[in-house]
Student: 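Have a look at the structure that comes next, please.
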Amino acid sequence: MGKQITTATKCVHAGYEPGKGEPRQMPIIQSTTFKYNTSDEMGRLFDLEEEGYFYSRLQNPTCDMVAARIAALEGGVGAMLTSSGQAANFFACFNICETGGHIISTASIYGGTFNLFGTTFRKMGIDVTFIDQDASEAEIEAAFRPNTKLVFGEMLSNPGLKVLDIEKFAKVAHRHGVPLVVDNTFPTPVFCRPFEWGADIVTHSTTKYMDGHGVQVGGCVVDSGNFDWEAYPDRFPGLCSPDPSYHGLTYTKKFGKMAYITKMTSQLMRDLGSVQSPQNAFYLNMGLQSLDCRVRRHNSSAMKVAEYLHDNPDVKWVNFPELADSPDHALQQKYLPEGTCGVIALALKGGREFAHRFMDALRLITIETHVADCYTCILHPAMHTHRQLTDEQLLEAGVDPDLIRLSVGLEASEDIIADIRQAIEAAKC
Ligand SMILES: *Cc1c(COP(=O)(O)O)cnc(C)c1O
């Protein structure tokens, strides 16, 4: 990439540079398989002796170009696309934490990840301890066990909008010889690059701002290449000891800084197959090209909407980290000084009944199980995404039972504010 050093430029160019007479836009290589001339050539690919494409479940050129763009945006050494954000978080953890392992996660995380950790991982014999995002270093320390393999947190939690104190979590994780995995879906690398603060692995639901148009579900795992797995061979045997499914190859020995991401593609993706399709990767590429300007617009509009809500007597509370009285404002100033995202958490006076009437009265803003695309949309987690949880579990997951999640899209902020104003008035009748 040479001189193309800024994020906005990487969004447009990283990962694909056409040669003479080649397509200006990234091509979609819509092919399951790839041709070779000799049997020996093919054999060497299966031994990971040579690099090359052979089957799109393991690697596909379009997916790799998009993964390389996201790796460049995050400042990592490599990345792998997955079929969804759920798959990304599953792969990121399972690559280094198997049955008998233990994970420490902050409790303020996306509901789907909370279920993955609390239900499915437990069924697989992986234990997860949830801790408060505001836990002190000593409290985080106390959660460690001899079999702890990683610490997990969300840079900006969905839907609570809590900001992760990465430096604090990275410090404690590294003191115990485990990596910090950060889900950076909401800020995107435009507003925060967690590796710069000590995170080791970054995950994304690319379904959100990276796609940005609500067209396809996808995910990504990025490796910083910084974690020294070899310093803890007994804790990470999957990376530091021979893999019998590749004739006894050891990932750290053969691939160095690329060990984690190579194991993930050549072993886990081979066996679990949650790939992103080349067509979807192409849509994601289009979303990434405008990511920098879109998220800045989402963020500045959300700030105007948040200020309107903040001064509205019918609003019980509003949380947007840029607001000076937001509980995580200091953390926002440190880690996300240029902006957070376009999502606002709020509660209306008058409780759930009023919230119901308000949402039904909206005209421009739509009720959707989604966030972070071009359409302004709204959801009441306790009544929708999180309705399986009791009020107590909601609070444990950092979700106030009155919380309304408003995702500010790319419409003009005046129109969004006007719709909120008329719906509040309508709900009073
Ligand atoms: C949506 C989301 C996920 C899950 O991603 P999918 O693409 O829906 O599978 C994970 N983490 C965060 C923060 C999310 O917002």
Student: Does Lys171 NZ have over 12 foreign heavy atoms under 6.0 Å away?
Tutor: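 Counting other residues, nucleotides and ligands, NZ of Lys171 stays at 12 neighbours or fewer.
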
Student: Salt bridge or not between Asp127 and Arg145? Use side-chain N to carboxylate O under 4.0 Å.
Tutor: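 Salt bridge present between Asp127 and Arg145.
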
Student: Check whether any side-chain heavy atom of Met303 lies under 4.5 Å from a side-chain heavy atom of Asn299, and answer yes or no.
Tutor: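 No, their side chains stay 4.5 Å or more apart.
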
Student: Would you check if the side chain of His204 reaches a backbone N or O of Gly219 as a donor-acceptor pair within less than 3.5 Å?
Tutor: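 Not at all, since once roles are kept as given, no pair shorter than 3.5 Å links the two residues.
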
Student: Looking at every heavy atom in both Leu161 and Asp328, which two are closest together, and how far apart are they?
Tutor: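 Between these two residues, the closest heavy atoms are O-OD2, 4.2 Å.
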
Student: Measuring from atom CZ of Phe114 to atom CD1 of Ile109, what distance do you get when rounded to the nearest 0.5 angstrom?
Tutor: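 Taking CZ in Phe114 and CD1 in Ile109, the distance rounds to 6.5 Å.
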
Student: So Val408 and His298, do their side chains get closer than 4.5 Å, heavy atoms only?
Tutor: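 Result no, sub-4.5 Å side-chain heavy-atom pair not found.
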
Student: What distance do Thr206 atom OG1 and Leu284 atom CG have between them, rounded to the nearest 0.5 Å?
Tutor: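 Between atom OG1 of Thr206 and atom CG of Leu284 there are 4.5 Å.
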
Student: Could you tell me the separation between the SG atom of Cys63 and the CE atom of Met65, rounded to the nearest 0.5 Å?
Tutor: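 Those atoms lie 9.0 Å apart.
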
Student: Any side-chain heavy atom of Phe90 within less than 4.5 Å of one from Ser84?
Tutor: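 Heavy-atom side-chain distance check fails, nothing below 4.5 Å.
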
Student: Phe191 vs Tyr335, test: ring pair (Phe, Tyr, Trp, His ring centres under 6.0 Å). Steps then yes/no.
Tutor: CA-CA 8 Å; Phe191 288 141; Tyr335 294 115; over 10 Å; no

Student: Do the charged groups of Glu98 and Lys149 touch, with an N to O distance under 4.0 Å?
Tutor: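 No, no charged N to carboxylate O under 4.0 Å.
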
Student: Does the pair Phe282 and Asn280 meet the rule for a side chain to side chain contact (heavy atoms under 4.5 Å, CB included), with working shown?
Tutor: CA-CA 5 Å; Phe282 176 77; Asn280 277 358; over 6 Å; no

Student: Look only at the side chain of Thr203 and the backbone of Ala88, and say whether a donor-acceptor pair between them is shorter than 3.5 Å.
Tutor: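 Between the backbone of Ala88 and the side chain of Thr203 there is no qualifying donor-acceptor contact (under 3.5 Å).
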
Student: Just do the side chain to side chain contact (heavy atoms under 4.5 Å, CB included) check on Trp317 and Asp400 with the steps written out, would you?
Tutor: CA-CA 11 Å; Trp317 54 260; Asp400 186 297; 3.8 Å; yes

Student: Closest heavy-atom contact between Val343 and Ser407?
Tutor: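 Nearest pair, atom of Val343 first, then Ser407: CG2-OG, 4.1 Å.
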
Student: Below 4.5 Å, heavy atoms only, C-beta onward: do Gln332 and His329 meet side chain to side chain?
Tutor: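 In contact.
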
Student: Go through the side-chain N and O atoms of His384 and Thr369 and say whether any donor and acceptor fall under 3.5 Å apart.
Tutor: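 Judged by distance alone, the side chains do not pair up.
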
Student: If every non-hydrogen atom of Leu150 is compared with every non-hydrogen atom of Cys97, which pair is closest and at what distance?
Tutor: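 Shortest heavy-atom separation between Leu150 and Cys97 comes out as CD2-CB, 4.2 Å.
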
Student: Any side-chain to backbone donor/acceptor pair from Gln289 onto Val12? Under 3.5 Å, distance only.
Tutor: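 Between the backbone of Val12 and the side chain of Gln289 there is a qualifying donor-acceptor contact (under 3.5 Å).
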
Student: Checking Lys162 against Asp134 for the side chain to side chain contact (heavy atoms under 4.5 Å, CB included) test, could you report, in this order, the C-alpha distance in whole Å, the side-chain angles of both residues, the deciding distance, and whether it holds?
Tutor: CA-CA 9 Å; Lys162 288 196 68 64; Asp134 298 324; 3.2 Å; yes

Student: Within the 4.5 Å heavy-atom criterion, are Tyr308 and Val315 side-chain neighbours or not?
Tutor: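 The answer is no; the side chains never approach within 4.5 Å.
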
Student: Is the number of heavy atoms from other residues, nucleotides or ligands under 6.0 Å of Tyr283 OH greater than 12?
Tutor: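 At most 12 heavy atoms, drawn from other residues, nucleotides or ligands, come within 6.0 Å of this atom.
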
Student: Are the side chain of Glu322 and the backbone N or O of Thr340 linked by a donor-acceptor pair below 3.5 Å?
Tutor: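 At least one qualifying donor-acceptor pair exists.
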
Student: Given 3.5 Å as the limit, does a donor-acceptor pair link the side chain of Asp211 with the main chain of Val215, or not?
Tutor: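 It does hold such a pair.
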
Student: Measuring only between side-chain heavy atoms, which start at C-beta, is Asp223 closer than 4.5 Å to Met258?
Tutor: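 Asp223 vs Met258: side chains apart.
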
Student: Take atom CE in Met124; do more than 12 heavy atoms of anything else shown fall under 6.0 Å from it?
Tutor: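 Count over threshold, so yes.
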
Student: Using a strict cut-off of less than 4.0 Å between a Lys/Arg side-chain nitrogen and an Asp/Glu carboxylate oxygen, indicate whether Arg270 and Asp243 qualify as a salt bridge.
Tutor: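 Asp243 and Arg270: not salt-bridged.
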
Student: Verify, without hydrogens or angle tests, whether Arg405 (side chain) and Pro381 (backbone) share a donor-acceptor contact under 3.5 angstrom.
Tutor: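 The answer is no, because no donor-acceptor pair under 3.5 Å joins these two groups.
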
Student: Between the main-chain N or O of Asp64 and the side-chain N or O of Gln59, is there a donor-acceptor pair closer than 3.5 Å?
Tutor: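 Looks like no, no N/O pair under 3.5 Å.
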
Student: Parallel under 30°, tilted from 30 to 60°, perpendicular over 60°: which one fits the rings of Phe152 and Phe117?
Tutor: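 Ring orientation, 0 to 90° scale: perpendicular.
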
Student: Measure the spacing between CG of Leu403 and CD1 of Ile344 and express it to the nearest 0.5 Å.
Tutor: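 So the gap between those two atoms works out to 11.5 Å.
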
Student: Quick one: sort the Tyr53 and Phe34 rings into parallel, tilted or perpendicular, breaks at 30° and 60°.
Tutor: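 Geometry flag for Phe34 against Tyr53: tilted rings.
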
Student: Mind checking whether Gln25 and Met286 have side chains closer than 4.5 Å, heavy atoms only?
Tutor: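 Side-chain contact under 4.5 Å: yes.
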
Student: So, for Asn319 and Pro327, which heavy atoms are closest and what is the spacing to 0.1 Å?
Tutor: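 It is OD1-CD, 3.8 Å.
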
Student: Just wondering, are more than 12 heavy atoms of other shown residues or ligands nearer than 6.0 Å to OH in Tyr375?
Tutor: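 No, because the 6.0 Å sphere around OH of Tyr375 holds 12 heavy atoms or fewer from other groups.
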
Student: Of all the heavy-atom pairs spanning Thr265 and Thr262, show the shortest one and how long it is.
Tutor: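 Closest pair (atom of Thr265, atom of Thr262, distance): OG1-O, 3.1 Å.
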
Student: What distance separates Asn285 CG from Met26 CE, expressed to the nearest 0.5 Å?
Tutor: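 So the gap between those two atoms works out to 4.0 Å.
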
Student: Give the ring-plane orientation class for Phe227 versus Phe236, where under 30° counts as parallel, over 60° as perpendicular and anything between as tilted.
Tutor: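 Plane angle over 60°, so perpendicular.
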
Student: Assess, by modelled atom type and distance only, whether the side chains of Ser224 and Asp200 contain a donor and an acceptor separated by less than 3.5 Å.
Tutor: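 On atom types as modelled, these side chains do not qualify, holding no pair under 3.5 Å.
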
Student: Is there a donor-acceptor contact under 3.5 Å from the side chain of Ser205 to the main chain of Thr185?
Tutor: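 No, the answer is negative, given that no donor and acceptor are paired below the 3.5 Å cut-off.
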
Student: Count the heavy atoms of every other residue, nucleotide or ligand shown that sit under 6.0 Å from CD of Glu22, and state whether that count exceeds 12.
Tutor: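 Enclosed.
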
Student: Is the shortest side-chain heavy-atom distance between Arg69 and His13 below 4.5 Å?
Tutor: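 A side-chain contact is absent here, since even the closest heavy-atom pair is not under 4.5 Å.
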
Student: Students often mix this up, so state it plainly: with edges at 30° and 60°, are the rings of Phe46 and Phe54 parallel, tilted or perpendicular?
Tutor: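 Plane angle between 30° and 60°, so tilted.
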
Student: Between Ser274 and Ala87, what is the shortest heavy-atom contact and its length?
Tutor: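 Heavy-atom minimum between the residues: CB-CB, 4.0 Å.
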
Student: Looking only at atom types and distance, does a side-chain atom of Ser157 sit under 3.5 Å from a main-chain N or O of Pro159, one as donor and one as acceptor?
Tutor: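 Such a contact is absent between Ser157 side chain and Pro159 backbone.
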
Student: Let me confirm one number: the CG-SG distance from Leu336 to Cys341, rounded to the nearest 0.5 Å.
Tutor: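 It is 8.5 Å, given to the nearest 0.5 Å.
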
Student: In terms of side-chain geometry, is the basic nitrogen of Arg296 or Glu338 positioned less than 4.0 Å from the acidic oxygen of its partner?
Tutor: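 Yes, charged N to carboxylate O under 4.0 Å.
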
Student: Does the pair Leu239 and Lys263 meet the rule for a side chain to side chain contact (heavy atoms under 4.5 Å, CB included), with working shown?
Tutor: CA-CA 7 Å; Leu239 287 165; Lys263 174 179 179 286; 3.7 Å; yes

Student: Can you check whether Pro27's main-chain N or O pairs, donor with acceptor, with Thr62's side chain at less than 3.5 Å?
Tutor: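 Confirmed, Thr62 side chain pairs with Pro27 backbone.
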
